Amino acid sequence: MPTNQKDAATAVERVRGAFSRGLTKPYEWRRDQLVALRSLLLDNQELLERALVRDLGKHPTESQATEIGIVLTELDHTLRHLKRWLRPRRVRVPLVLAPASARTVYEPLGTVLIIGPWNYPVQLILAPLIGALAAGNAVVLKPSELAPATSEVLAALVPTYLDDRAVAVVEGDASTARDLLAQSFDHIFFTGSTAVGKIVAKAASENLTPVTLELGGKSPAYIDNSVDLEAAARRLIWGKLLNAGQTCVAPDYVLTTPRTADALIPHLRAAIAEFYGGDPSLSGDFGRIVSTRHAGRLRDLLDGHDPVIGGRVDATERYVEPTVIDDVDPSSAIMTEEIFGPILPIVHVADAAEAIRFIADRDKPLSLYVFSDHADVRRRFVRDTSSGALAFGLPAAHLSVPDLPFGGVGASGMGAYHGELSFTTFSHAKAVLSKKLAPDTMGVVYPPFTSGKSAI
Ligand code: NAD
């Protein structure tokens with residue numbers, strides 16, 4: 001396992017060499033790598049599922065839906081469309097340049113670094129990898145050290161299935177990430193916290209390396225009493241408690257009126273019991289917090305609050321009970337940092353207008369969820385709020401739509417991917433103009449600038 005700057009440099013040098021030799025450019029190489037990645041996933045589903053159980057207590061069915069399945073969908077979509085995406089795209093030329101032709105040609109960026117987080121340690125390393133390979137790049141992957149079982153499995157499988165001349169896995173912690181960031185890359189794709197995103201952007205600026213930053217933050221949910229609260233509660237609880245709340249697009253908190261909160265809370269309680277039984281600690285379907293440190297952080301966030309549902313934390317077992325807190329003070333710690341756990345605060349607002357102001361006064365979220373049957377309320381949220389994604393009636397699922405951009409805005413990130421956007425994110429769109437020397441129609445722009453000549 002590379003742990004020092006020299007090892008990181010060796011891995012980067014190796015894959016950069018493959019890119020320089022042109023190994024990664026042919027369509028056939030890209031397709032073969034994507035097909036091999038598909039085999040990696042299909043042949044090793046149980047191995048990956050077991051690693052995810054060890055790291056996060058993630059139920060295999062959840063791993064299929066939110067990790068392996070999402071990557072397979074992206075892979076199939078990419079394999080289906082890659083030939084078309086690779087075609088140069090003709091654009092019109094202004095009359096004054098005619099006859100001439102112009103086209104956009106997508107070329108690989110070169111050697112790219114993908115740094116992943118621990119919460120979806122398979123999906124968030126392999127989904128960007130699909131885009132990087134499709135675009136013909138050499139790739140260095142740095143999985144998260146906080147999901148060590150998954151990191152180990154990926155480090156063993158990737159060189160077995162993919163071309164290890166051009167794809168490297170470098171395992172390690174923040175110091176390894178720093179060693180890698182000291183190298184020169186043609187693109188850095190980072191998924192993780194906003195705080196580390198800033199460190200990555202700073203390091204990248206040294207070499208003017210472009211970055212995609214897929215960051216976190218607090219994703220709000222607004223709900224009013226025009227909707228079926230029982231159905232909405234199930235959707236909210238599903239999105240919140242996936243992966244025990246450790247999901248970047250989980251609804252972080254709820255904005256609603258005091259009356260709707262009163263009506264909603266029994267439905268939230270019922271949804272938790274329906275999904276995970278009377279004691280979720282006994283349910284194999286409910287995950288665990290990634291580390292005792294993070295479980296302790298969540299316990300601290302509950303300090304001074306009186307939950308209306310749940311509230312039990314067993315940090316040594318990495319267990320945090322599904323918890324709902326009503327009427328939370330917006331200035332409390334739980335409302336100022338990303339929760340990233342199974343705790344749902346409810347903040348009271350008078351109406352949709354106040355909810356919109358509340359959101360606009362804070363960092364732009366990665367996702368925003370609205371549950372309202374009022375068309376004008378939905379229109380106002382589209383028009384008056386800014387977020388990476390806005391979803392009506394269903395949290396988190398937008399990221400499984402390959403043709404929707406997935407990414408943040410402002411503090412929740414920059415750049416986006418999935419589907420064709422993954423391909424363009426890892427490509428340079430090169431402008432190519434061709435004009436024959438004869439006939440020379442450019443006489444009109446050549447000096448001397450006598451009367452009757454026009455500028456282009
Ligand atoms: P993190 O920022 O702590 O770590 C992410 C990666 O950065 C890891 O590989 C880690 O080794 C590396 N790293 C940590 N400290 C570093 C440093 N000082 N210098 C360089 N690299 C460093 O994030 P995390 O705790 O793994 O993940 C949780 C966060 O990620 C949450 O904020 C969540 O919202 C966000 N997230 C965002 C998305 C998204 O798609 N936008 C998806 C998942 C998670």
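What you are looking at is a predicted structure, and each value in this text was computed from that prediction instead of being measured. Read the numbers this way: they start at 1 and go in the same order the structure lists the ligands and their atoms.
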Can you confirm whether the side chains of Trp118 and Asp55 place a donor and an acceptor under 3.5 Å from each other? no
Strictly under 6.0 Å, is that where the ring centroids of Phe423 and Tyr106 end up? yes
Determine which pairs satisfy salt bridge (Lys or Arg N to Asp or Glu O under 4.0 Å) with at least one residue from residues 279-293, sequence neighbours left out, and list them in order. Asp279-Arg312
Decide if the gap between the ring center of Phe426 and the ring center of Phe189 is smaller than 6.0 angstrom. yes
Centres of the Phe381 and Tyr222 rings: under 6.0 Å? yes
With a 4.0 Å heavy-atom cut-off, what residues sit around ligand 1? Ile115, Gly116, Pro117, Trp118, Asn119, Leu124, Lys142, Ser144, Glu145, Asp173, Ala174, Ala177, Arg178, Leu181, Phe190, Thr191, Gly192, Ser193, Val196, Ile199, Glu214, Leu215, Gly216, Cys248, Glu338, Phe340, Leu366, Phe406
For the side chain of Thr257 and the backbone of Thr260, is there at least one donor-acceptor N/O pair under 3.5 Å apart? yes
